[in-house]
Amino acid sequence: MARLIGRRLLLMVPTLILVSILVFALAEVLPGNLGRFILGPYATQSAVDQLNHNLGMDKPIYTRYVEWAGHFVTGHWGTSYQYTTSVFPLVMRALGNSLLLAGFALVIIVPTSILVGVYAGLRRDSILDRAITISSLSMTVIPEFVSGVILIVVFAVTLHWLPVQAMPPQGSPFIDRFYYLILPAIPLMLLELGYIARMARVGTVQVLNMPYVRTAVLKGLPRRRVIFGHVLRNALVPTVTVIGSQIGWLIGGLVVVETLFNYPGIGNYMVNAALNHDLPLLEACVLVVAVLYMLSNLIADIVVAFLNPRIRMGG
Amino acid sequence: MSDDQFRSDYAHHLIEQVTSGKMTRRQLLVRASVFGFSATVAGQILAACGGSSSSSSSPSAAASGSALPAVVTGGTMKAVIPPPLKTLDPVTIYDQGGIVLVYQIAEYLIDLTNENALKPKLAVSWAPNPKGDVWTFKLRQGVTFNDGSPFEAADVVASIERVINPKSGSGALAALAGILSPGGTKAVDTSTVQFNLDKPFADFPYLVSASSYNTAILPRNYAGDFQKKAIGTGPWMLKSFVTNQSAKLVKNPTYWGKDAQGRQLPYLDELDFALVTDTSAANLQLQSGTVDVQPQTVFQGGQSLLSDSSLRVDVYPSTGIREVAFNVNKTPWQSKELRQAVAYCLDRKAINQALYGGRSNLGYDTFWEPTVFPGSPTPPVRAVDIAKAKSLLATAGHPNGIDVTLTVANYLENPAYAQLIQAQCKPAGINVKINEISYNAIYAGSNSTTPWLNAPMVIVEWGSRPTPGVYAQAMLLPTSAWSSSHWNNSAFVTAFNQYESTTDEATRATLATKLSSIQQDETPILVAFYISQLRTQKKNVYNIQGPGSFYFDTSQAYITA
């Protein structure tokens, strides 16, 4: 297990280097001009050229990359071009916000979807199973901006039960943040619930057909022990893998929900940075999300290995 | 002739213009404001003409059709605006979020009334010399910055010299190019500033007013750190700013402003701005009651606000446009007839209805438009006329039609406008291919490559400009920094220079007619409408002043129970 973890951690290094090169190269082909963006459309061309020169934007891309990478690995993440503030605290603040939203959503999503999926799997082909399958599939295909707007109109605009934005006013106690996160978390739950529940259902149905489950039932084990001791442990292997792959998205990919609920998460910063050629901010956001993505997958693999001894031994 | 003598003569000149019917009363007030006559003096001039000066009104009162309720002091007003696109700095701001925030904290020499006329702010009066190339501004005394330092002429000199310094990167540099050069601004004494212009320019006060938003007056030792240490003489002080999230402002206890009854301004204690990028999200904040006011409501997507009984929508006849420029250096737009053909294809009423619910003012391809710039000559109406468009197309050498490309940014209502142009040009045989690109892409590149200045046909969005002259100066002269049409018409240039160098209103009116006629006939650009801006607020919010979204004057705003 230790070798598995060590190898995966080592693999992260070349992956991150590749990601950072790709981001730099892709940002180069994006339309736009940093100096023009900062000074606006009405600034003179000479002022724009001068600013681009001051920012080093007229240097070759490889020179800029090497300079940036050299600073980044020594802990100097640079200054955001558009906000003229240090990138590190900006990204950490946004990451904290994203982790809070993702964590809050996961706390609701994971137990609910596993419960629903396993319940449907245990009652395969029943009306309840079909209802769960169809409704979860339907929820998955509704884009979050659609469900988000509907939820806002119903619960914030019409009923006034929940706030329309995801951040409480400045100075509010920390606990208030969870109240403000309820509405943004629901569209995520609708999306993920269908996805994870269906995986849990399929896993449960497959395991229920396994000979060792039949043996367990025939040797007279109580149903509860069969389910919790034999079925769930194996049925949840694909579900855990899926959850692991979704964590990265929940942290860095919530651009739509963050925009709709005006939430200052890392996804929002990433998009703005890409649109405005703010490379120090963009690189930092992407690399942080990439690290989290890889770590969440690694953790998922470790959990799977514990659930399935064959994978552990194979590792 | 002394400046005082000149001002006296000019006042008599205005009276003659009104009494002879050559100038409307509204136009008199606007022109009087340009030459630095106070509201009282303008009222006296108007009284001499046999009229009243009470043209100014509160949009809130006008919109609600009733008198304002009694002033309520204290409380917090919450507004929703787009987040500033970059670090707050008055010298380089150019977007709505940045301009609105700076406007609360810093002030200008001159502000704008609800009718786009000038009103004294940090300058109490201003006047040109008879030639119009030296302007002297008298400054308000007893004003301090919010750090306690006194406001003096040296601060004005430093602020103006700062924005016309090529190293500043300020947009004001391009607007003042050829009019005011470095070293041209002098402090005569601590409360008098003199602007020595490169040439006579009758609309100069507008260039140092709030409409030229980079000319905010900052202390002489301003270090460019406005977001950290927001300094100004305005009614509000920045208490906190969270990037892309919120800005909280508190009242400046030492603000110089008092209302007509002598009460200290501002009335409110705090001003909270929610910084929201997405317009739908911003609209929902208003509808849910989270915020009290939205300085600019975009019609496209904001229709539900217009029918919301809990909200009041004020309509401001702004002078913002969506310029459709024909690059006359590029084929096929060298042909005047072809440009005119497109103009005759447009059903301007239908466009206005589709894009703005019919609330905007129609334009007929000239900046001298009386519906938005009072006193301008009325241009001939350009009604949709497909037969005439076809005839012009044939004259231009394209009897069987022509394919053209229209470049447009995927921004605001621009793509919808492009599609309307495409549909309306088709019956005449003008096949418009739309090249839709991102907002960043259209402004990318250098002056010689950027699409907005180099595409053969392009839609460019322009915020309000206070006078036709300021618009023409910006885009219709060979020296214009932002000419997407690259039009160079010597008759227009000559007439324009005469227009801006004379203070004789009759001569200006004659020249305005000539300029309008040339511009419309030549059609280097299409101006199909002047966008009316919408400001939406709860019904208990009163007395927000200022024309349009940028000039969000909250110093006399209040909220009733």
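Naming: A, B, ... by sequence-line order, numbering from 1 per chain.
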Asker: Would you say that L311(B) contacts L286(B) through its side chain, given a criterion of any heavy-atom pair below 4.5 Å between the two side chains?
Answerer: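 Sidechains of L286(B) and L311(B): in contact.
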Asker: Answer yes or no: are there more than 12 heavy-atom neighbours, outside F155(A) itself, under 6.0 Å from its atom CZ?
Answerer: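 At most 12 heavy atoms, drawn from other residues, nucleotides or ligands, come within 6.0 Å of this atom.
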Asker: Which value, rounded to the nearest 0.5 Å, describes the distance between I459(B) atom CD1 and I442(B) atom CD1?
Answerer: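 I459(B) CD1 to I442(B) CD1: 8.5 Å, rounded to 0.5 Å.
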Asker: Hey, which of P169(A), A156(A), G40(A), A43(A) has the most heavy atom pairs under 4.5 Å with chain B?
Answerer: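 The residue among P169(A), A156(A), G40(A), A43(A) with the greatest pair count is G40(A).
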Asker: Find the one option among I437(B), I93(B), L275(B), V91(B) whose heavy-atom pairs under 4.5 Å with chain A are most numerous.
Answerer: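 So the answer, after comparing I437(B), I93(B), L275(B), V91(B), is L275(B).
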Asker: Given that the side chain runs from C-beta out, which part of V460(B) has a heavy atom under 4.5 Å from chain A: side chain, backbone, both or neither?
Answerer: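 Contact with chain A is absent: no heavy atom of V460(B) under 4.5 Å.
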Asker: Quick one: which of L51(A), V48(A), I38(A) has the most heavy-atom pairs under 4.5 Å with chain B, could you say?
Answerer: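 The residue among L51(A), V48(A), I38(A) with the greatest pair count is I38(A).
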Asker: Of all residues at least two apart in sequence or in a different chain, which pass the side chain to side chain contact (heavy atoms under 4.5 Å, CB included) check with M237(B)?
Answerer: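 Only N146(B), V250(B), N252(B), P253(B) meet the side chain to side chain contact (heavy atoms under 4.5 Å, CB included) criterion with M237(B).
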Asker: Could you show, one pair per line, the donor-acceptor contacts under 3.5 Å between chain B and chain A?
Answerer:
{"residue": "T87(B)", "atom": "N", "partner": "Q82(A)", "partner atom": "O", "Å": "2.9"}
{"residue": "T87(B)", "atom": "OG1", "partner": "Q82(A)", "partner atom": "O", "Å": "3.2"}
{"residue": "T87(B)", "atom": "OG1", "partner": "Y83(A)", "partner atom": "O", "Å": "2.9"}
{"residue": "T87(B)", "atom": "OG1", "partner": "T84(A)", "partner atom": "N", "Å": "3.4"}
{"residue": "T87(B)", "atom": "OG1", "partner": "T84(A)", "partner atom": "OG1", "Å": "2.5"}
{"residue": "Y94(B)", "atom": "OH", "partner": "F37(A)", "partner atom": "O", "Å": "2.3"}
{"residue": "S240(B)", "atom": "OG", "partner": "Q170(A)", "partner atom": "OE1", "Å": "3.1"}
{"residue": "S240(B)", "atom": "OG", "partner": "Q170(A)", "partner atom": "NE2", "Å": "3.2"}
{"residue": "N244(B)", "atom": "ND2", "partner": "Y83(A)", "partner atom": "OH", "Å": "2.9"}
{"residue": "Q245(B)", "atom": "NE2", "partner": "N262(A)", "partner atom": "O", "Å": "3.3"}
{"residue": "S246(B)", "atom": "OG", "partner": "Q170(A)", "partner atom": "NE2", "Å": "2.8"}
{"residue": "L275(B)", "atom": "O", "partner": "N262(A)", "partner atom": "ND2", "Å": "3.1"}
{"residue": "S288(B)", "atom": "O", "partner": "H160(A)", "partner atom": "ND1", "Å": "3.3"}
{"residue": "N440(B)", "atom": "ND2", "partner": "L275(A)", "partner atom": "O", "Å": "2.6"}
{"residue": "N447(B)", "atom": "N", "partner": "Q45(A)", "partner atom": "OE1", "Å": "2.9"}
{"residue": "W482(B)", "atom": "NE1", "partner": "Y42(A)", "partner atom": "O", "Å": "3.4"}

Asker: Please examine the side chains of L279(A) and F24(A), heavy atoms only from C-beta on, and report whether any two atoms are closer than 4.5 Å.
Answerer: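 Yes - at least one pair of side-chain heavy atoms lies under 4.5 Å apart.
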Asker: So which pairs with a foot in residues 150-161 of chain A pass salt bridge (Lys or Arg N to Asp or Glu O under 4.0 Å), sequence neighbours left out?
Answerer: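 Listed by first then second residue: nothing to list.
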Asker: Tell me, please, which residues at least two apart from V286(A) pass side chain to side chain contact (heavy atoms under 4.5 Å, CB included).
Answerer: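 Partners of V286(A) under the side chain to side chain contact (heavy atoms under 4.5 Å, CB included) test: V19(A), V23(A), M270(A), L282(A).
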Asker: Can you tell me how far the CE atom of M189(A) sits from the CG atom of L106(A), to the nearest 0.5 Å?
Answerer: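 These two atoms lie 12.5 Å from each other.
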Asker: Measuring heavy-atom distances to chain A, does A481(B) have an atom under 4.5 Å in its side chain, in its backbone, in both, or in neither?
Answerer: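 No part of it gets close to chain A.
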